[in-house]
Amino acid sequence: MDEIDQATVIESRLKEAARQIHAARYLTAFTGAGISVESGIPPFRGEGGIWNRYDPSILDLAVFMRHPERSWPVIKEMFTSFLGTEDRTPVAPNAAHRVLARWEKEGRLKSLITQNIDGLHEAAGSRTLVEFHGHCRSLTCLTCGRALPLTADTTAADIPRCPCGGLLKPDFVFFGEGIPPAALADSNDVASRTDCMILVGTSGVVYPAAAVPLLAKRNGAVVIEINPGPTEYTRRMVDVFLPMKAGEAFERLDEMVLSIAESRA
Ligand SMILES: [Zn+2]
């Protein structure tokens, strides 16, 4: 396809996606690391990614419990990339996060499932949020179960510890650790209710998260995918594929949905 054809195809797909979004009775979204790339958060996988420089097993729960001194430098690097530091601008939500948060406020988006632990959906104002892989807001003591908020103080030590002396584990899901039961139950519930799910910035390779859109599809949902290139999902189950950056796609969809709504008012 030449460029003009490609642009025409994308334009007609955008229109179809906007039509489906406007018609949906239970619109949901399922997001992954790709939605935050435009906010300046480096993807974990691929060039420059954290897993190019560290062995992922360093965030295995068993390794963390035995060798916290190996895991903590990576954890701190993750926190820094999400929260920014004094010499680095804190990361901020981009247009994709903002449109999703506003659609929720307007009652258009019923639920948002994210695999991200960067806190950007929350920062944008999303509240009906299922955090599939936990979050970075707090740490839990592996000895007494006490939860402490994440602050610069909590992570000042080489190996942060609870006042009881126990090891503090950040509340995001480690490798070898189960998905929080409430998050699993909530995402199954969302996947069984939704009639239109937008996949954003996720490639369908990390299980069990990757199964959520499959469940939605099996239950009859229309699936819209926004990713720069095709993924595991694209050919298998996607109804409308938008090969675009997330922020740009959501800005266009937002305009188009609004103009459909106005034309029918
Ligand atoms: Zn403790």
Side-chain angles (χ1 to χ4, degrees), residues 31-33 36 39 41-45 49-51 53-93 97 111-190 206-209 212:
T31 69
S36 297
S39 291
I41 293 186
F44 287 177
R45 290 159 212 282
I50 214 163
W51 300 139
R53 288 172 291 126
Y54 294 102
D55 182 342
S57 73
I58 215 161
L59 282 188
D60 188 280
L61 185 61
V63 172
F64 176 74
M65 290 169 80
R66 244 174 310 156
H67 300 289
E69 76 285 355
R70 287 188 204 163
S71 310
W72 266 106
V74 188
I75 298 170
K76 287 185 183 181
E77 190 177 320
M78 288 165 67
F79 285 164
T80 307
S81 74
F82 300 157
L83 307 173
T85 52
E86 279 161 22
D87 57 350
R88 198 167 158 264
T89 326
V91 292
H97 298 104
S111 187
L112 172 54
I113 303 169
T114 187
Q115 300 163 79
N116 298 345
I117 55 171
D118 55 36
L120 290 179
H121 284 301
E122 200 194 26
S126 288
R127 292 298 171 261
T128 314
L129 194 56
V130 180
E131 294 173 310
F132 202 86
H133 290 146
H135 56 80
C136 289
R137 290 184 296 277
S138 56
L139 306 94
T140 299
C141 173
L142 292 180
T143 304
C144 74
R146 175 172 173 177
L148 293 172
L150 173 68
T151 63
D153 284 348
T154 356
T155 57
D158 286 343
I159 302 175
R161 292 198 177 268
C162 175
C164 85
L167 200 55
L168 286 170
K169 185 197 138 315
D171 287 334
F172 62 79
V173 175
F174 278 40
F175 295 114
E177 191 184 13
I179 301 302
L184 208 50
D186 288 350
S187 19
N188 284 340
D189 183 55
V190 170
V206 179
Y207 277 85
V212 174

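We count ligands from 1, going down the list as the structure has it; atoms in each ligand are counted the same way.
Every residue meeting the salt bridge (Lys or Arg N to Asp or Glu O under 4.0 Å) condition with Asp189, not counting sequence neighbours, appears here in chain and number order: Arg193.
When each of Pro68, Ser138, Pro160 is paired with Leu168, the side chain to side chain contact (heavy atoms under 4.5 Å, CB included) condition holds for Pro160 and for no other.
Put simply, the side chain of Asp171 never gets that close to the backbone of Cys136: no donor and acceptor are under 3.5 Å apart. Side chain of Arg146 to main chain of Leu139: no donor-acceptor pair is present (N/O by atom type, distance under 3.5 Å, no hydrogens or angles).
A donor atom on one side chain and an acceptor atom on the other are found under 3.5 Å apart for Ser57 and Asp55. The closest side-chain donor-acceptor pair between Thr31 and Thr114 falls under 3.5 angstrom.
Listed by chain and number, Cys141 SG, Cys144 SG, Cys162 SG, Cys164 SG are the protein N/O/S atoms closer than 2.8 Å to the Zn ion (ligand 1), with waters left out.
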